[in-house]
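By convention in this document, chain letters (A, B, ...) are assigned in the order of the sequence lines, proteins followed by strands, and residues within each chain are numbered from 1. All values below come from the heavy atoms of this structure, side chains included, with hydrogens, waters and symmetry mates left out.
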2 protein chains.
Amino acid sequence: MSSIRVPRKRPDSYQHGDLRPALIQAGLKLLTEGGTRGLSLRAAAQLAGVSHAAPYRHFRDKDALVEAIAEEGFRLLTRRMREEIEAAGSGDLLVRLRASAWGYVSFAIENPGYFRTIFGGVPCEDGAAPRSPALQEAGAEAYGVLRGLVAEGLQRGRLRHGDPEQMSLAAWSMVHGLSMLLIEGQLGPASARGAAARALTDATIRFLEQGLRA
Amino acid sequence: MSSIRVPRKRPDSYQHGDLRPALIQAGLKLLTEGGTRGLSLRAAAQLAGVSHAAPYRHFRDKDALVEAIAEEGFRLLTRRMREEIEAAGSGDLLVRLRASAWGYVSFAIENPGYFRTIFGGVPCEDGAAPRSPALQEAGAEAYGVLRGLVAEGLQRGRLRHGDPEQMSLAAWSMVHGLSMLLIEGQLGPASARGAAARALTDATIRFLEQGLRA
DNA sequence: CCTACCGATCGGTAGG
DNA sequence: CCTACCGATCGGTAGG
């Protein structure tokens with residue numbers, strides 16, 4: 001057996017000031033591979049190549065790390081939706097709505113660790129979820145993408161009259177439910193792969209479109 | 001301090017042959033209160049009033065207990081949906097579809113512990129979910145309720161022509177997504193309470209109905 | 001940012 | 001079904 005201490009020249013180049021993002025990445029990896037049970041500050045520290053006491057300089061406790069991961073995840077989800085919408089061009093609003101739906105679902109499939117953490121990773125306690133203001137805002141921004149599309153559709157008369165909040169919630173529920181069923185394997189492992197998932201998303205969202213369109 | 005040992009006449013009356021269901025109840029309580037992190041075979045044993053080695057006579061390991069809880073949850077979910085459908089009478093199919101949706105959502109709200117366990121409690125690992133045949137069947141039965149209503153609607157010409165599988169999935173996605181958003185507090189704590197949730201469910205499901213009805 | 005240490009809890013097994 | 005025990009891991013702190 002060689003020496004027990006691994007170091008020599010830490011995994012990448014933390015140590016300086018970039019330990020925080022490194023811990024987030026490590027935590028995400030642990031979360032993805034082993035679920036909430038697989039995540040611990042100690043393991044994250046080890047993955048990042050620092051002592052198990054180091055993380056406490058960046059995160060008050062384990063929940064704080066999970067929250068940081070969730071916040072990052074929300075931002076990435078928002079970005080993905082916007083990218084898909086942009087890629088769909090400035091054409092028909094229903095097409096853009098469909099694009100945003102695919103952005104949502106594809107993000108979930110490709111980033112199940114982030115996705116699960118965002119939606120109920122930590123505050124699964126019984127009572128009210130004690131989400132931080134920053135996390136709440138990140139979530140509101142993601143929801144705002146859908147909300148914005150609906151508002152635009154109503155304004156342009158592309159969607160039938162109705163409560164925009166209810167319409168947005170209907171869309172959100174649908175893509176969220178589909179995402180969860182896909183990543184949890186409820187629809188079979190094959191369904192979660194790219195092309196199949198895309199087809200399922202399109203087919204599913206079209207039923208909702210019929211209910212929303214003018 | 002009185003004696004350390006609590007017993008005298010165990011909590012209820014396990015010991016004989018009803019330890020298994022008692023452990024399931026205990027596990028559910030732990031799961032509900034503290035999430036996956038809060039569940040341990042030892043804690044469940046303590047809640048049930050037995051030694052921490054006793055559970056191993058009924059469950060191979062921790063995952064086996066979680067799976068048993070999920071199976072029980074699926075059965076209760078199925079029952080709840082059927083009850084709501086029955087309560088809605090033999091009237092219009094869309095009314096019954098709506099009733100089943102409320103059965104689904106209300107079960108989730110009232111039994112978040114069961115609901116979370118059913119959908120991704122354990123097998124959150126990265127790869128394929130290793131769900132037991134019994135668990136898969138329990139899940140298929142719950143899905144079958146929705147599936148049956150859709151089939152009936154198509155047969156009676158109450159729903160527009162379409163792939164029954166896709167239509168069922170659309171309905172499932174919607175109620176599932178709404179349930180998850182509600183119990184994880186994404187819609188605010190107030191929304192998850194009875195009347196408010198019912199209104200949200202009805203409003204949401206109606207948009208889908210427009211897309212499904214003939 | 002590290003080493004060293006604390007108490008607590010865990011899954012699991014031995015052995016009866 | 002119990003007591004007693006194992007090694008491992010955890011969150012967190014002291015103290016530097």
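Closest approach to the B/H52 side chain among D/dC1, C/dC1, D/dC5 is made by D/dC5 (side chain taken as heavy atoms from C-beta onward). Across C/dG11, D/dC2, D/dG11, the shortest atom-to-atom separation from the side chain of B/V50 is found for D/dC2. Residue B/L41 has its side chain nearest to C/dG11 when only D/dG11, D/dC2, C/dG11 are considered. Here D/dT3 is the nucleotide among D/dG11, D/dT3, C/dC10 with the atom lying nearest to any side-chain atom of B/A53. Nearest nucleotide to the side chain of A/Y56, out of D/dC2, D/dG11, C/dG12: D/dG11. The listed nucleotides are C/dC1, D/dT13, C/dT13; the one nearest the side chain of A/H58 is C/dC1. Nearest nucleotide to the side chain of A/S40, out of C/dC10, D/dG11, D/dG12: D/dG11. The side chain of B/R42 sits closest to C/dG12 out of C/dG12, D/dT3, D/dG11.
Here CD of B/E209 is found 8.0 Å from CG of B/L212. Values are rounded to the nearest 0.5 Å.
Listed here is the closest heavy atom pair of A/L19 and A/A54: CD2-CB, 4.1 Å. The nearest pair of heavy atoms linking A/L23 to A/A48 is CD2-CB, 4.0 Å.
Note on B/A54: only backbone sugar-phosphate atoms sit closer than 4.0 angstrom, heavy atoms only; bases stay farther off.
Taking atom NZ of B/K62 as the reference point, atom C1' of C/dG11 lies 9 Å away to the nearest angstrom. Atom pair B/L65:CG and C/dG11:C1' shows a separation of 13 Å (rounding to whole Å applied). Here D/dC1 presents its C1' atom at 17 Å from CZ of B/R20, a figure rounded to the nearest Å. Atom CZ of A/R37 and atom P of C/dT9 are 19 Å apart (whole Å). Protein atom CZ of A/R57 is 15 Å distant from nucleotide atom P of C/dT3, rounded to whole Å. Straight-line distance from the CD atom of A/Q46 to the P atom of D/dT9: 9 Å, rounded to whole Å.
Pairing of D/dG16, defined by two Watson-Crick or G-U wobble distances under 3.5 Å, is identified with C/dC1. When Watson-Crick and G-U wobble pairs are counted only if both distances are under 3.5 Å, D/dG11 pairs with C/dC6.
Remark: the A/R80 side chain and the A/S106 side chain contain an N/O donor-acceptor pair separated by less than 3.5 Å.
Ring planes of A/Y114 and A/F107: parallel class, angle under 30° (limits at 30 and 60°).
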